[in-house]
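All remarks here apply to the structure that follows.
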Amino acid sequence: MKVHYETAGDGELVVLSNSIGSNLRMWEPQVKPLVDNGFRVVRYDTRGHGQSPVPPGPYSIADLGRDVVELLDTFGVESAHFVGLSLGGMTGAWLGQHAPSRIRSLALTFTSVKPGNVDMWTGRAKQVRAEGMATIAEGSIGRWFTRDWIDANPELAEELRQMTATTPAEGYASCCEAIAGLDLTAGLGTITAPTLVISGADDAALPPSHGQVIADGIPGAKFEVIDHAAHLGSYEQAGKFTELLLDHLKGAR
Ligand SMILES: O=C(O)CC1=CCC(=O)O1
């Protein structure tokens, strides 16, 4: 499936993959620093999100991974650096296992290869199909950011809440179904791409124990935990996140 994307800059391709309930705008803090450091940024909307198509679900993580392979084909490149947050990180873990020749390096951030809570994810899918996105949006902001950040950045928090509220319900629900029951643990040892794993110390949705499992499973993976970061730590602690990411990408050039 052809997903919607935006590009900026020149150099080696870095693909940025969003979390559930967001879209490519979530990477706003990272675009300029990556471009200034000589990378070509390709950020895309995961299917069912933003301006990408919304085929009827359920989706699987393989569907989301194959969309990325098609995106790389669109650019005519054999491989690219891949950076995913949360659902995007799950897509990256699938790519590292199933399309290794297409992945130059991986940054798997605020994510998990076995998120658990199957009933919660299937229940959330059912809820948004029945009631729409409004009821979900408030809860998302509470998981994405610490209370201190929300209080200090009310306008930005409202903008990001709107991003979730305007996500197509069928797309969100179908991605919940891709997360429910996911388990990519067994294949971690087959990943050969240089990998950085980042978790947030205050991420109650996918705490650092999930990142630790990924880092322990991938040969040579580096693991970092960012303080004062909940689930969308790329935004809340953009400076630290981008610094770690640039170090990793420059090392994998
Ligand atoms: O529930 C959330 O919004 C947190 C989350 C878990 C997986 C994901 O992509 O987002």
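In this chain, numbering begins with 1 at the start of the sequence shown. Just so you know, ligand 1 is whichever comes first in the structure, and atom 1 is the first atom listed for that ligand. Here the structure is a predicted model, which is why all the values come from computation and not from measurement.
For ligand 1, the polar-atom distance check finds an N/O of S86 within less than 3.5 Å of one of the ligand's N/O atoms. Looking at ligand 1, you'll find an N or O of L87 within less than 3.5 Å of one of its N or O atoms. Checking only distances, S19 never comes within under 3.5 Å of ligand 1, N or O to N or O. At under 3.5 Å, not a single nitrogen or oxygen of M90, backbone or side chain, sits near a nitrogen or oxygen of ligand 1. In terms of polar-atom proximity, R124 is counted as a contact of ligand 1, with an N or O under 3.5 Å from an N or O of the ligand.
In terms of heavy atoms, H228 sits closest to Q237 at O-NE2, 2.8 Å. When all heavy atoms of A238 and T242 are compared, the pair lying nearest together is O-OG1, 2.7 Å.
Counting only heavy atoms of the protein, atom 5 (C) of ligand 1 lies nearest to H231 NE2, 3.2 Å. Closest protein heavy atom to atom 2 (C) of ligand 1: R143 NE, 3.2 Å.
Using a 4.0 Å cut-off between charged nitrogen and carboxylate oxygen, E224 and K222 count as a salt-bridge pair.
A cation-pi arrangement, defined by a distance under 6.0 Å to the six-membered ring centre and an angle within 45 degrees of its axis, is present between R47 and Y59.
Under the 30°/60° scheme for interplanar angles, the aromatic rings of F39 and H81 are found to stand perpendicular. Ring geometry, F110 versus H231: the interplanar angle exceeds 60°, so the pair is classed perpendicular (tilted spans 30 to 60°). Using bins of under 30°, 30° to 60° and over 60° for the plane-to-plane angle, the ring pair W27/F241 lands in the tilted bin.
Taking a 4.0 Å cut-off on heavy atoms, Y172 fails to register as neighbouring ligand 1. At a 4.0 Å cut-off, not a single heavy atom of F110 sits close enough to ligand 1 to count as contact.
Short contacts between ligand 1 and W144, defined as distances under 4.0 Å to a heavy atom of the residue, involve ligand atoms 3 (O). Numbered from 1 in the order shown, with element, the atoms of ligand 1 that lie under 4.0 Å from a heavy atom of I20 read 8 (C), 9 (O), 10 (O).
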Go through the steps for L72 and F75 under the test side-chain contact (heavy atoms from CB on, under 4.5 Å), then give the verdict. CA-CA 5 Å; L72 297 182; F75 282 90; 5.9 Å; no
